[in-house]
Each structure stands twice: as C-alpha cells, then as structure tokens.
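Written out below as structure tokens is the structure these notes cover.
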Amino acid sequence: MGRKVSMVIPVYNESVNVGVILQAIRCEFKNLDYHYEVIFVDDGSSDDTLDLIKEQALTYDNVFYLRLSRNYGHQNALKAGLDNAKGDCVISMDGDMQHPPSLLPKMLAFWEQGFEVVYTRRLDTEGVGFFKKLSSKLFYKVINFISDVKMEDGVADFRLLDKKVVAKLKEFKETDLFLRGLVKWVGFNQVAIDYKAAQRHSGKTKYSLSRMIAFAVESVTSFSVRPLIFSVYLGFILSLLTILIYIPYLANAVMTKNHFPRWASILSLVAFFGGLNLTLIGIVGIYIGKLFMQSKARPNYIISETNKPIKEKIPAHDIVEF
Ligand code: UDP
Ligand code: MG
C-alpha cells in the first residue's frame, strides 16, 4: 500500500454535496494505491451539513470532521484542515463539486514525480455569469499589478501540497490568511494542471460581491506594501499638478495685478487635499488595522467538535479544548 493522502474539504452549508463529493472521491481512490482520509471542515454551517458528515463518518472510518465554532471563512477553514491533516500529502478542494475529483490521479502522479505543490488552473467555468467571469479576471489583473507575489488567473484552492509544504504553512501565524498567495510564496517545485470547472452541484456560491471585494483587498494588503508607495506617488503627483495649475494664475495676478477669485482657489485646495488625506490615511489605516489584529495573535479558528484526535504537534494556541 502506498503513502497516505489527506483530503481537506471546507464546507459551509453544503449538505447535499457532502455525500456526492465523498462518493466521487471514493471512486477515484478505488483505482489508486493509497491510504487516504477525508477531512471535512464544517465552517459553522447552519443546515444539516454536520449531521450528514457524521453519518458518513459512522459508515467510513477514514472520514473525519472538524466543526468550527462559527463561520470563520473559507481560508481559515482550509487552514484548520491543513493543520490537522496527517497525510504524506494534502489535497484541498471545494465541497461543491466545482473542483473535479477526476483530476486526483493526475495530481498524485505529479506528486510521485517529485513535485511538492501541484496546483490547478480553471480554464472556464460552465454556466458562470458574465459578471463573475469579468470580476475574477479583474481580480487577478489588479492583484498582479499591485502585489509582490504574482498569481495566475483561475488558480483556486484546489491543490496538492506535500507534507513538507504543509509543515511550513502550519508555522504561519497570519491573522489574515490568503493561502493562494502563501502557497506561491513558499516556493518549492510547483506544477500546474488545467481543468474546466463544472457548475456547483447544488446550492449557491457563498462569495457575494462584498465578500469578493474583501478578498481582493485581503490578497493585496497581506502581500504587499505597494499601496503605501502608490499613495506617496499619488500625493506627490497631485501636489505637483496643483502647483503647476496655479502658476499661470499666480503669474497673471502678479503681472497684471488682477486678482483671481480667491474663494475658488481656496475651496478647491481644501477639497483636494481633504480627499487626498482621507485616501492616504485610509491606506495607512488598513495596515495599522492589520498590525492591531496580528498583535492580538488570535487563533484563526476554534474547533468546537471533532472525531479526529487533535493532540499532535499543532501549536497550542490553535486549539481550544472544550
Ligand atoms: N466555504 C467555507 N466557508 C465560507 C464560504 C465558503 O467553508 O465562509 C466553502 C464552501 O462550502 C465551498 C468552498 O468554500 O466548499 C468554496 O465556496 P464557494 O463555492 O461558495 O465559492 P465559489 O466557488 O463560488 O468561488
Ligand atoms: Mg464553488
């Protein structure tokens, strides 16, 4: 028998999908020579997702669940799964069948060839609206423009990580997690697989527009201080422009002794610099906020219930025992 594979699946109100994805995974592993475990991370679902997972866990002894004490978000749920996975490699995938389990053999084959990170690239999602497509394109364009870590279009949290990489990721104590970026950042031998994403098996997306915007801000501010530098440039250029605009007026006033309307110039200056200040303070504020959150060093999640022994080397502050 081969090495051990941990599957990590964050689920948030995915009741119908739990059984479906589990069956699909079982099917794939039937033809593969690996031990495997499936870890569902229930990210505070309010439907019967947890009950259905528990049912499966009774039937299959390689099915585990980690119930988070509330909804901590996809990234933190993933981290909880990674922290508690014991396999020689960990494969993370969404619980809605948008990440095809049929890619598993190919991912594992790359791993056997010595790749430590096998990530996947979504080519095109069937049945996904124009807006979501556009926003995801824009998302990567903006991130790559503004951020220090380059990311590829369509790379989601469907990937295989060798245990070496997982061990490194476990050491990360970032409050604001953006795993896609972190995985790219840690390096190692990486390889990509392209796939065509399917539609959600059931239910609807948990990423609303506001969540997507929050995600985009997260991905930039957790990887780059470039917005701070931008703001300095912006401030400098705007100030320069103001001076240039006012030079002719000033010259005119001096030469011809005609006054130009002072109220207009004062008003525009006040409004202009007021806006500029707000922008810059806002950007600085985001980073200060991050320092504040990080300085509290709160855990990324709290596990309230599990059928998995979680005593191993996980840093003590990640687990609150009940
Ligand atoms: N998810 C989660 N916590 C959340 C939101 C989503 O664990 O707060 C899970 C969700 O159940 C799914 C995966 O993360 O398995 C991806 O979410 P979704 O399909 O809604 O995102 P999309 O595919 O639309 O980007
Ligand atoms: Mg999805």
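When a ligand or atom number is given, it counts from 1 through the structure's own listing order.
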Handout entry: Charged N-O contact under 4.0 Å between E305 and K54
Key = yes
Exercise for the section: Identify, for atom 14 (O) of ligand 1, the protein heavy atom at the shortest distance, and state residue, atom and that distance. Expected result: H74 CD2, 3.2 Å
Handout entry: N13, portion touching ligand 1 at heavy-atom distance under 4.0 Å
Key = neither
Problem - Ring center gap for Y195 and F158 short of 6.0 angstrom - result: yes
Exercise for the section: Can you sort out which atoms of ligand 1 are near N71, meaning under 4.0 Å from one of its heavy atoms? Expected result: 3 (N), 4 (C), 8 (O)
Handout entry: For atom 21 (O) of ligand 1, the protein heavy atom that lies nearest, with its residue and separation
Key = Y207 CD1, 3.2 Å
Handout entry: Test of ring centre spacing under 6.0 Å for F29 and Y36
Key = yes
Fill in the blank from the handout: Near V11 (heavy-atom distance under 4.0 Å), the atoms of ligand 1 are 7 (O), 11 (O)
Exercise for the section: Would you confirm whether E37, through its side chain, and V8, through its main-chain N or O, come within 3.5 Å as a donor-acceptor pair? Expected result: no
Practice task
Name the closest protein heavy atom to atom 1 (N) of ligand 1, giving the residue it belongs to and the distance to 0.1 Å.
Solution key: Y12 CB, 3.7 Å
Exercise for the section: Treat each ILVMFWY residue as a node, draw an edge where side-chain heavy atoms are under 4.5 Å apart, and state whether W185 and L169 are in one component. Expected result: yes
Exercise for the section: Note the single closest protein heavy atom to atom 22 (P) of ligand 1, along with its residue, its atom name and the distance in Å. Expected result: T205 OG1, 3.7 Å
Practice task
State whether D94 contributes an N/O/S atom found under 2.8 Å from the Mg ion (ligand 2).
Solution key: no
Completion exercise
So for D94 against ligand 1, with non-hydrogen atoms under 4.0 Å, the contacting part is both
Fill in the blank from the handout: min-distance protein heavy atom vs atom 9 (C) of ligand 1 -> P10 O, 3.6 Å
Practice task
For the pair T306 (side chain) and K308 (backbone), establish whether a donor and an acceptor sit closer than 3.5 Å, ignoring hydrogens and angles.
Solution key: yes
Handout entry: Salt-bridge present (R121, D194; N to O < 4.0 Å)
Key = yes
Problem - Output field: ring centroids Y72/Y301 closer than 6.0 Å - result: no
Practice task
May I ask you to identify, for E14, whether its side chain, its backbone, both or neither come under 4.0 Å of ligand 1 on a heavy-atom basis?
Solution key: side chain
Practice task
Would you mind naming the N, O or S atom of D96 nearest to the Mg ion (ligand 2)?
Solution key: OD2
Practice task
Provide, to 0.1 Å, the distance between atom 3 (N) of ligand 1 and the closest protein heavy atom, together with that atom's residue and name.
Solution key: D43 OD2, 2.6 Å
Exercise for the section: Run the numbers for me: atoms of ligand 1, each under 4.0 Å from some heavy atom of D96, listed by number. Expected result: 19 (O), 23 (O)
Practice task
Starting from atom 6 (C) of ligand 1, find the nearest protein heavy-atom neighbour and note its residue, name and distance.
Solution key: K206 CB, 3.9 Å
Handout entry: Pair D43-N71, side-chain donor/acceptor within less than 3.5 Å
Key = yes
Problem - G95 neighbourhood, listing ligand 1 atoms whose heavy-atom distance to it stays under 4.0 Å - result: 12 (C), 15 (O)
Handout entry: Protein heavy-atom partner closest to atom 23 (O) of ligand 1 - residue, atom, separation in Å
Key = Q98 OE1, 2.7 Å
Exercise for the section: Answer yes when D88 and K4 have at least one side-chain N-carboxylate O distance shorter than 4.0 Å, and no when they do not. Expected result: no
Practice task
Flag the pair T120 / R122 as yes when at least one side-chain heavy-atom distance between them is below 4.5 Å, and no otherwise.
Solution key: no
